[in-house]
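Just so it is clear, the model here is predicted, and its values are computed rather than measured.
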Amino acid sequence: MVRTRFAPSPTGYLHVGGVRTALFSWLYARQQGGQFILRIEDTDRERSTQESVNAILDGMAWLGLQHDEGPFYQTKRFERYHAIIEQLLAEGKAYYCYCSKERLETVRAEYKARKQKPRYDGHCRHLTTPPSTDIKPVIRFKNPKVGEVVVKDLIKGTVIFNNNELDDLIIARPDGTPTYNFTVVVDDWDMGMTHVIRGDDHLNNTPRQINILEALGASVPQYAHVPMILGSDGQRLSKRHGAVSVMNYKQAGYLPAALLNYLVRLGWSHGDQEIFSIAELIDLFDIQAVHSSPAAFNQDKLLWLNQHYIKTCQPSELAKHLQFQCNQLKIDTSNGLSLAEIVKVQAERAKTLTEMAKNSQFFFGNEVEFNEKAVRKNLKPAIRKPLTDLCDRLAQLAEWNAEAIHAIVHLVAEQYELKLGKIAQPLRVAVTGGTVSPPIDVTVYLIGQSRCVDRIKRALTLIGTDD
RNA sequence: GCUCCCUUCGUCUAGUGGCCUAGGACGCCGCCCUCUCACGGCGUAAACAGGGGUUCGAGUCCCCUAGGGAGCGCCA
């Protein structure tokens with residue numbers, strides 16, 4: 001049974017890079033009929049917060065990346081870690097180190113001066129009796145001094161590390177709390193992880209973890225180190241590149257399906273296919289086909305995908321998302337107009353739901369805000385008569401539907417020998433306040449008869465008298 | 001500095017020795033459609049980092065160089 005996990009540390013928001021890793025992990029588990037586990041790595045008590053935990057949980061839920069087990073919290077597993085540390089100590093596979101931080105720094109500097117990788121020199125490795133010192137010791141793992149560790153990475157291929165490059169890492173602090181490289185190992189082992197899919201910044205940690213695993217007599221999982229995501233400038237993706245937290249994307253009006261589709265195509269592809277449903281991904285995704293090189297995040301392409309999903313999403317479903325956006329923007333939608341109807345006509349003219357909400361404000365409320373420039377340009381004296389006429393005809397229209405409205409607009413245009421645009425655009429400004437909207441007939445139809453008539457009348461009062 | 005990773009259009013990518021005068025997508029630019037904005041359709045420009053090998057033949061295999069990145073914590 002395949003078991004994968006996502007193991008973020010709750011020290012901030014849920015980053016899109018983390019989401020991509022989680023997605024890969026989740027897809028692999030789903031595809032293999034395995035299980036996906038969520039683990040919160042909160043051993044850094046200084047920086048871990050409940051808000052961050054919530055952000056992770058909320059983000060994963062929003063994206064629909066459901067875990068089968070967990071969330072497990074490392075802070076609740078300290079007894080287990082202690083027990084393993086005691087065992088390693090007893091077996092002579094770990095030892096107390098009384099070196100001062102100052103000494104450690106000196107040692108590192110010395111290695112550096114000798115053009116070698118800075119590391120611990122194993123000073124306390126063979127101590128048989130504790131030295132007389134006030135220093136509370138840390139506990140270090142006895143890393144093998146010779147031989148090599150071969151990592152058969154599903155993405156990076158075979159990577160070989162020499163043990164003499166590795167030092168004896170600290171597995172417990174003076175206060176007894178375990179450190180990262182140790183807790184992951186114990187957890188992955190205890191939780192039966194068969195595949196460890198994580199960011200490639202952990203590739204260098206892998207040989208140490210494998211050594212601990214072997215000292216514990218545990219089996220070594222398969223590894224897949226996924227490259228990180230770059231910003232548009234080729235640097236590691238960070239806040240200064242814009243939104244990096246998944247919740248930012250929710251707020252900004254992106255659909256989960258779009259984000260997921262975008263993220264999966266960053267480093268993975270299936271021929272020339274661009275659009276993938278979740279079901280297709282579960283079927284087609286191949287962890288071994290993930291690129292070993294990093295990829296840059298491209299906002300424009302995400303926007304394109306988002307619009308694609310907006311255009312293809314069920315109106316009733318989209319309406320919920322639009323409602324969320326309207327609430328955020330404090331747009332009152334309680335005037336009875338169906339959001340699903342609005343969504344149908346606005347889908348092809350919005351890349352995000354936030355944009356859609358903003359561009360749909362004229363559908364709500366009674367009053368409309370007239371754009372000064374649009375009024376000046378389109379509501380000129382010459383249009384007064386045709387627009388008045390149009391208004392009357394709309395007011396008298398017995399059957400209020402887009403076809404009938406369409407016919408009336410054309411009729412008035414012909415009557416005054418105006419090109420359609422010459423009457424449609426002033427009408428648009430009159431009923432929406434601006435120059436941009438869906439086709440004028442459906443726009444007028446959706447706004448409704450009485451409101452349209454009221455708005456046109458008001459627009460008529462804005463026309464200057466200088467003719 | 002050391003160890004490890006990476007390198008096809010601006011970006012995401014196809015490509016697994018001949019099908020490549022390198023394909024698709026986003027974006028850009030142009031044209032068409034058109035009542036606005038869009039959608040859509042069509043089209044243009046745009047890349048194998050450099051150098052050596054191997055081979056009849058290399059984007060594809062090997063080596064070197066250059067460039068980029070990660071790690072080298074009592075952070076995760």
K.L.:
Determine whether any donor atom in the side chain of A:Glu274 lies under 3.5 Å from an acceptor atom in the base of B:rG24, or the reverse, and answer yes or no.
P.N.:
yes
K.L.:
Ignoring hydrogens and angles, are the base of B:rC39 and the side chain of A:Arg349 linked by a donor-acceptor pair under 3.5 Å?
P.N.:
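No.
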K.L.:
Both distances below 3.5 Å, Watson-Crick or wobble geometry, any strand: find the nucleotide opposite B:rG71.
P.N.:
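Looking at the geometry, B:rG71 pairs with B:rC2.
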K.L.:
What pairs of nitrogen or oxygen atoms, one from the protein and one from nucleotides 30-34 of chain B, lie under 3.5 Å apart?
P.N.:
none

K.L.:
Where along residues 406-414 of chain A does a heavy atom fall under 4.0 Å from RNA chain B?
P.N.:
none
K.L.:
With distance as the sole criterion, is a donor-acceptor pair present between the side chains of A:Asn401 and A:Asp441 under 3.5 Å?
P.N.:
no
K.L.:
Tell which nucleotide pairs with B:rC42, taking only Watson-Crick or G-U wobble pairs whose two distances are both under 3.5 angstrom.
P.N.:
B:rG30
K.L.:
Need the pair for B:rA49. Rule: Watson-Crick or G-U wobble, both distances under 3.5 Å, any strand; none if unpaired.
P.N.:
B:rU65
K.L.:
What I want to check is whether an N or O donor and acceptor connect the side chain of A:Asp272 with the base of B:rG23 at under 3.5 Å.
P.N.:
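It does, because a donor-acceptor pair links the side chain of A:Asp272 to the base of B:rG23 below 3.5 Å.
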K.L.:
Look at all strands and tell whether A:Gln307 reaches a base, only sugar-phosphate, or nothing, counting heavy atoms closer than 4.0 Å.
P.N.:
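Sugar-phosphate, no base atom in range.
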K.L.:
Does A:Arg39 pair with A:Asp188 as a salt bridge, N-O distance under 4.0 Å?
P.N.:
yes
K.L.:
Can we say A:Lys117 and A:Asp167 salt-bridge, meaning some charged N sits less than 4.0 Å from an Asp/Glu carboxylate O?
P.N.:
no
K.L.:
I'd like to know if A:Glu105 and A:Lys101 make a salt bridge, using a cut-off of under 4.0 Å between side-chain N and carboxylate O.
P.N.:
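The answer is no: the pair does not qualify as a salt bridge.
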K.L.:
Could you go over nucleotides 3-10 of chain B and give all protein N or O partners under 3.5 Å, atom names and distances?
P.N.:
residue : atom : partner  : partner atom : Å
B:rC5   : O2'  : A:Lys156 : NZ           : 2.7

K.L.:
On the 0 to 90° scale, with breaks at 30° and 60°, tag the A:Trp268-A:Phe285 ring pair as parallel, tilted or perpendicular.
P.N.:
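If you compare the ring of A:Trp268 with that of A:Phe285, the planes turn out tilted.
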K.L.:
Ignoring hydrogens and angles, does a donor from either the side chain of A:Arg119 or the base of B:rC72 sit under 3.5 Å from an acceptor on the other?
P.N.:
no
